[in-house]
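Comments concern the structure below.
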Protein chains: 2
Amino acid sequence: MLRAGSFTVNEELAASWARGKRLRKLLVEAPDGIKHVAVELARRLSEAGFDVIVSGRHAWGGCDVGVREALSLGAEGVIHLGHHGHVGPRVTEIPVLFLPVLSEADPMPAFRRAVLEALSSGYRRIAIGVTVQHMHFLGDLEREARELGADPVTGSLDGFRGLVVGCMYSSLSGGEASVVVAGGVFHGLGAALWTGKPVWVADPFTGEAKRVDVKTAVARRLEAISRAIDARSFAVVVSSKPGQMRLRVAELVVEALRKRGREAWLVSLDEVTNEALVNLGAAEAYVNTACPRLAVDDPELFPGPVVNPGELKYVLLGKLDGYSPRDVFFFDARDLA
Amino acid sequence: MLRAGSFTVNEELAASWARGKRLRKLLVEAPDGIKHVAVELARRLSEAGFDVIVSGRHAWGGCDVGVREALSLGAEGVIHLGHHGHVGPRVTEIPVLFLPVLSEADPMPAFRRAVLEALSSGYRRIAIGVTVQHMHFLGDLEREARELGADPVTGSLDGFRGLVVGCMYSSLSGGEASVVVAGGVFHGLGAALWTGKPVWVADPFTGEAKRVDVKTAVARRLEAISRAIDARSFAVVVSSKPGQMRLRVAELVVEALRKRGREAWLVSLDEVTNEALVNLGAAEAYVNTACPRLAVDDPELFPGPVVNPGELKYVLLGKLDGYSPRDVFFFDARDLA
């Protein structure tokens with residue numbers, strides 16, 4: 001096992017995977033917070049005789065695998081750190097190993113506080129969510145929840161019990177409330193928007209427990225949608241990342257807008273940046289078919305109001321009635337008819 | 001012809017090229033300053049029945065064609081605006097049309113001033129350089145130079161007379177001095193570093209003529225190299241852009257550094273950003289095998305001193321003797337032996 005700070009990664013698995021597939025040249029990538037682990041792993045794999053290139057890409061998620069980068073550099077395989085697996089279509093052009101980076105930070109103090117708060121708020125059936133860094137604690141977390149008097153429930157995602165990722169929280173469906181073990185509020189907010197039920201975040205890095213407040217996020221969504229209702233021109237952003245590219249959705253959106261007399265054009269981006277969109281010139285509003293979290297967490301990347309495809313129906317109808325935060329994540333093509 | 005502001009682009013050529021190749025779905029891309037032209041062209045091509053996606057990528061040069069973006073989006077061809085053609089290896093995976101965007105701005109007043117200054121400084125054989133936006137004026141410029149009493153000389157680049165691009169100034173080799181017709185100082189500075197001779201910039205957009213001063217740029221290069229001499233760890237940046245990827249050079253650099261007991265690892269990036277390099281953690285110095293201009297114009301992108309491959313020999317020797325600004329552009333593998 002490779003230790004880097006308070007993280008561990010199964011270095012031997014990486015080497016044996018590459019040897020088993022007879023890969024000599026490897027691209028190693030990791031999300032920003034643990035890129036130093038990628039550099040350290042690359043160093044070890046180099047010493048073990050592999051040709052290694054460290055990717056500087058953000059690698060935001062399992063949706064963001066550097067398949068094209070790897071192919072262009074002649075790498076024979078990708079080692080992707082910190083995410084559990086593919087999000088969106090499976091990458092098949094090149095072998096990809098998803099290698100978890102496990103945190104040693106003890107989630108228990110924060111988790112305990114979160115569960116006790118949920119119990120005292122009257123919730124008993126509590127869904128437990130974990131990000132991939134903390135998933136090795138799931139058994140302990142369930143046991144602890146039971147001892148505290150809760151009735152823990154855990155669904156699964158891609159075969160990983162309790163796993164949540166930025167755009168998928170189906171693991172949490174069974175609870176009256178959820179406790180999400182994750183650093184920061186990002187996954188907690190996603191869980192609250194997705195489930196529509198109370199969510200507490202237990203942060204193993206700070207030891208804090210905190211109930212998630214979705215009011216501000218929802219208000220910002222409603223404000224963006226209502227501004228988009230008045231827009232006459234729309235840039236429809238489609239991502240070129242393998243797991244974020246929803247080109248057919250983007251094309252349907254363009255069609256639906258044009259049919260209603262709005263101007264619409266497709267813009268492709270790898271990373272969505274404000275600079276890139278400003279350079280393209282004025283659209284009055286944006287439809288984001290890339291990572292759904294951009295509209296929630298980083299709306300300032302868009303030079304005008306931005307809506308996700310599932311929110312476009314309100315723009316087309318011209319009213320906000322019936323809005324649900326789940327529209328951030330879900331899209332039904334029939335709503336554009 | 002499509003007019004957008006003071007630029008024109010041959011819209012008909014784009015359509016007939018696509019029809020001739022039976023391409024239905026197109027990616028249109030342009031450098032930042034003229035991205036609005038790409039949006040306008042996309043609008044016209046959409047109206048003509050093509051499926052068009054506008055790229056949000058920077059598209060810095062003929063080295064930066066969105067071949068992988070296009071392929072991933074299922075585009076059948078790329079229309080690349082504003083550059084003359086491929087820089088670096090020819091992209092063959094997908095048909096690419098390089099479509100010049102011509103400026104109507106009159107270069108003559110600035111050019112006249114620049115030539116007169118060069119003449120009064122004692123230079124008679126004056127090489128004329130133009131960027132692709134102004135290349136349709138070359139005949140007029142030569143005539144004017146002759147009338148002013150100069151002896152104009154023009155080489156060619158990829159078959160385009162007088163053409164200069166950010167990393168290639170061979171057109172200017174024949175002069176005692178050069179006048180470069182281009183907006184801003186970017187191409188003028190490159191010309192001065194490459195030729196080692198006096199260069200004037202004639203800016204058609206501002207009407208200004210200005211002799212290029214390389215002192216600051218050279219001093220910054222020397223300072224960066226001298227700091228890199230003391231570094232023990234190097235991140236060697238390799239670009240994943242089709243025309244900027246010099247992987248073999250990067251590998252040779254890593255080898256040469258390791259042979260001398262320095263730590264070195266390969267980092268791949270599409271866009272070089274400070275954020276990405278900071279996220280990867282500390283290297284004491286950087287070797288940039290991507291666009292050579294980054295080290296000259298944007299050294300602050302690198303969190304430590306940065307040298308180009310042609311400058312690495314001074315780092316390995318531990319002294320600056322014999323430094324030439326041409327080392328920014330040229331690399332000879334024998335210097336690493």
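So you know, we letter chains A, B, ... as the sequences are listed, proteins then strands, and number each from 1.
Per-residue heavy-atom pair counts under 4.5 Å with chain B were compared for A:Thr273, A:Ile53, A:Val237, A:Val236, and the maximum is reached by A:Ile53. Heavy-atom pairs under 4.5 Å with chain A peak, among B:Ala70, B:Ser240, B:Ser268, at B:Ser268. Most heavy-atom pairs under 4.5 Å with chain A, from the set B:Ala42, B:Ala235, B:Gly56: that is B:Gly56. In terms of heavy-atom pairs under 4.5 angstrom with chain B, the leader among A:Glu29, A:Lys241, A:Glu271, A:Glu275 is A:Glu275.
The interface of residues 30-37 of chain B with chain A, defined by heavy-atom distances below 4.5 Å, comprises B:Asp32, B:Lys35, B:His36.
For A:Val267, the parts lying near chain B are the backbone and the side chain together; criterion is any non-hydrogen pair under 4.5 Å. With a threshold of 4.5 angstrom between heavy atoms, A:Leu71 does not approach chain B through any atom at all. Residue A:Leu247 touches chain B through its side chain alone, counting heavy-atom pairs closer than 4.5 Å. Contacts of B:Ser55 with chain A are made by both backbone and side-chain atoms, with heavy-atom separations under 4.5 Å. Only the backbone of A:Val52 comes within contact range of chain B, with heavy atoms under 4.5 Å apart. Only the side chain of A:Arg258 comes within less than 4.5 Å of a heavy atom in chain B; its backbone stays farther off.
Contact of the B:Leu73 side chain with the A:Met245 side chain is registered, since non-hydrogen atoms from C-beta on lie closer than 4.5 Å.
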Discussion item. Run A:Leu280 and B:Val54 through side-chain contact (heavy atoms from CB on, under 4.5 Å) and show every step you take.
Written reply: CA-CA 9 Å; A:Leu280 285 161; B:Val54 180; 3.4 Å; yes
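The neighbour count for A:Arg260 CZ, taken as heavy atoms of other residues, nucleotides or ligands under 6.0 Å away, is above 12.
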